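Since the model is a prediction, treat every value here as computed from it, not as a measurement. Below, chain A is the first sequence line, B the second, and so on; all start at residue 1.
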Amino acid sequence: MMGVLFDAEYVDETREMRLWLKSGERVFFAVDGSFIPRFFVEGEDPEKLARVVEKIEIRGNGRIIRPVSVRTVEMKRLGNTVKVLEVVPEQPKDIQTLRRFIREMPGVRQIYNYDIPVSKYYLISCGLSPMDGAEVEGEMKGSEVILSAPPKPVQLTAPRLSMMSFDIEVYNPAGSPRPEKDPIMMIGLAGDGGFRRVLTWRRFPTKLDFVEVLESEKKMIERFVEIVRERDPDILLGYNTDFFDFPYLRERARILKAKLALGRDGSEIVARRRKFATATRVRGRIHIDVFAMVDFLATIGSIRLVHYTLENVYKYLLGKDKPDFEFTKFVEAWEKGGEAWERLLVYNLSDAVAALELGHELLSLFLELSKIVGQVPFDVVRMTPGQMVEWLLIAEGFRRGELIPARPVAETYEERLEETYTGAYVMEPVKGLHENLVVFDFRSLYPSIIVTHNIDPSTINCSCCAGTGERVPDLPYHTCRRRRGFLPEVVEKILKARFDVKKRLKDLDRESHEYKQLNAKQWALKIIANSFYGMLGYPKARWYCKECAESVTSFGRHYIKWTIRMAEEAGFRVVYSDTDSLHCLLNGKSRDDAMRFLDDVNRRLPGMIELELEGFYPRAVYVTKKRYAMIDEEGRITVKGLEFVRRDWAAIAKHTQEAVLRALLEDGSREKAARIIKEIVERIRRGEVSLEDLVIYTQLKMPIESYRSIGPHVVAAKRLREAGREVEPGMIIAYVQTRGRGSISERAYPVELLGDREYDPDYYINHQVLPAVMRIMEVLGYSERDLTSRPGRQRGLDFFLQ
DNA sequence: AAATGACGGGG
DNA sequence: GTGTACGTCATTT
């Protein structure tokens, strides 16, 4: 049987690998209980070591742990052949026990391949790639195949994967919802083919035809499970589902004794703890948290927003607005019904629809990444770019018989953290507001440098080319001229594949399915290629190499500085440059001139190194290195390094910052920006600002007694408790800074107990509004005094700037 | 100056 | 990844 592999998982309890495949409309899974990963031991005398290792017997948990097979084999380490022991355990979980024991034996130098999770080891050693074909052989029972031989990779076009998204809305009377007592009010669902549904258990009258009212919260959850199983999507998505929806749903289901049997085999969801969130696995389906994909794109700099809310991301990527709903109004809607209730139902569905549409928009990129990296989409959508490169290298290393370096132990990691090196060139910006800019981007610079200059842990400062190797600019390093490194080979393969894809793209209709598919592929290849450098300098990476990373940045500085000189000579004015990008003023020149400059530079750059047009920007404001804001031709604002206004800031600060950036970038008016600030400062002074603009929301993370440092929200929480309110960890404390004596904390009052106390204008001016805007306004020539002085009394710099 | 605690996405 | 981010900022100590 053949199918496209879309998920793979190792099931601990049964010690089986499970492969999920799709062929046409048919989904089935293959089970393999025979796979045992192996690991390798490098020692002084392999033959002698083998005789000792094969006799190992460790008693533990009522059984004896011993290797099933020990033999000496030839493998490669950074390209050099080495003789090592191959150790096969009886069970995967014995690996760690055996490894810890062997590590302490005399004559043992290094151990390899012991820290690769079973399911990943399986895919790599079978040579399988997700979103590609696999041929399985064995006995068929229903939709289950018991494998009689290892699966084999085959060429197969991926069938379409069906999707469904969901979103829950939760009752939150305490500010932050508490899963142990606050119920789920509704569950919104959206699926392919226009399926739209909101499940709820509140019997308010509504004319909305997508609403289905159930008897209880438990019945609602059960109906949710039923719908998912009936419609049977391959992919289940949502926004921030790893962090919020699934953990919440899981806890409510536990309390209500409802089974979240969303798996294709009838199994319940499985929570996998990782990073700071819990990734939820749904067997036989791919659970994708759209936020994880968005976060990834933000990390690699593909999208840049002030806040990554569903609303903002939806607007930015799809250009559409969606209804909003204040989270402080949930309680009212739930308790009183009426118009607010209807709006909440609509909002809930719109969230599910937005997640679905974003899923459609972003999925193809991540499926391509999955294919390239060789790991399943469930894992790949949750990986950092560095992890992706690492898994690709592990698979490539396997094919070449390379030993896989272990992830560094804590001590090595600490040592690496201490090692610093000169990074990229970052130009001090020409500060202030500029108009008509063109931004060029050197995205393929670092991978091209790795390929062109053969940078690799095995080629850097090789002994065979001492004195004759290729020199690294400004560093006492050289690279090998005789042997090609592992990394340069892999990177070159990726860059060439991308080049081929881009060539094929030229002849295709931009709206066609094939174009979109191939475009996702070239994008994925670019992302992977660009991530090699980051991995070389990441202290937790297996192929970490400080000298390599240092050499890459040195070559990078060399090329960017050359390009800056070229741009200046061509008559542009470079106002900013960071690593691989230059921001230039058109300086009276045309767009065609900019494009001609680009061609000219590219003709003169060596080999694979290529400058690209990032875009034209009508306006931009530069504050310091790494801090600037730009507006593109569609009116989209991107902010870098200035976005520090968060939930624990008053709305007045957030609104002022936004308004100031808009005045500068949309209207090009520093006077308007200054006027906005002055007006707000005056309104604060006159006591005209409404309470909701002044409230600061901060979460109480611990019981009050546990705090060693008593911040404003802790004092406010204490006051709430003294007034007889229930206060517990997880609550969002809403407080206002009031006038009076004492520290900031001593003057924090919860909104509920504010009474007729006056807010503190000085605090809101000096600790909220001004910090949010001063970094920007200072570079435009304004001082705090200019912006806070009373109108008519002092003109400050305004006079000179006009 | 150092220590402490909160932010993000979600509701 | 048999694991517990991470870099930045405000306020307290």
Do the numbers put R202(A) on top of the ring of W341(A), so that NZ or CZ is under 6.0 Å from the six-membered ring centre and no more than 45° off the axis?
no

For A629(A) against L661(A), the heavy-atom pair lying closest together:
CB-CD2, 3.8 Å

Would you mind telling me which of dA10(C), dC7(B), dG11(B) lies closest to the side-chain atoms of D648(A)?
dC7(B)

Would you classify R627(A) as touching base, sugar-phosphate or nothing, given that sugar-phosphate means primed atoms plus P, OP1 and OP2, and contacts are heavy atoms under 4.0 Å?
sugar-phosphate

Measuring to OP1 and OP2 of dC7(B), would you say a side-chain N or O of Q699(A) lies under 4.0 angstrom away?
yes

Among dT13(C), dC9(C), dG10(B), the nucleotide that comes nearest once only the side chain of R775(A) is considered
dC9(C)

Side-chain donor-acceptor distances from residues 373-381 of chain A under 3.5 Å, at least two apart:
from	atom 1	to	atom 2	distance (Å)
D379(A)	OD1	R274(A)	NH2	3.1
D379(A)	OD2	K120(A)	NZ	3.2

Check every strand shown and say whether Y347(A) touches a base, only sugar-phosphate, or nothing at a heavy-atom separation below 4.0 Å.
sugar-phosphate

From the list dT11(C), dG10(B), dG11(B), which nucleotide is the closest neighbour of the side chain of H767(A)?
dT11(C)

Rounding to an integer number of angstrom, what distance separates dA5(C) and dG8(B) when you compare their C1' atoms?
11 Å

Selection from dT2(C), dT4(B), dA6(B) that lies nearest to any side-chain heavy atom of S709(A):
dT4(B)

Just to be sure I understand the geometry, which residues of residues 737-746 of chain A put a non-hydrogen atom under 4.0 Å away from DNA chain C?
S743(A), I744(A), S745(A)

By nearest atom, which of the nucleotides dG10(B), dT13(C), dG1(C) is closest to the R542(A) side chain?
dG1(C)

Is the ring pair F325(A)/F330(A) parallel, tilted or perpendicular, if the boundaries are 30 and 60 degrees?
perpendicular

Salt bridge or not for E9(A) and R18(A), using N-O below 4.0 Å?
no

Of the nucleotides dG11(B), dG10(B), dA10(C), which has the atom closest to the P771(A) side chain?
dA10(C)

Got a sec, which residues hit ring-ring contact (aromatic ring centres under 6.0 Å, His included) with Y749(A), two or more places apart in sequence or on another chain?
none

Consider the side chain of K701(A), meaning its heavy atoms from C-beta on, and name the nucleotide among dT11(C), dG11(B), dA6(B) that approaches it most closely.
dA6(B)

Distance check, P atoms only: dG7(C) and dG11(B), in whole angstrom units.
28 Å

By a 5.5 angstrom centroid cut-off and a 30 degree plane limit, is there stacking between F244(A) and dG10(B)?
no

If you only use heavy atoms from C-beta on, which nucleotide in dG1(C), dG10(B), dA10(C) is closest to the side chain of Q387(A)?
dG1(C)

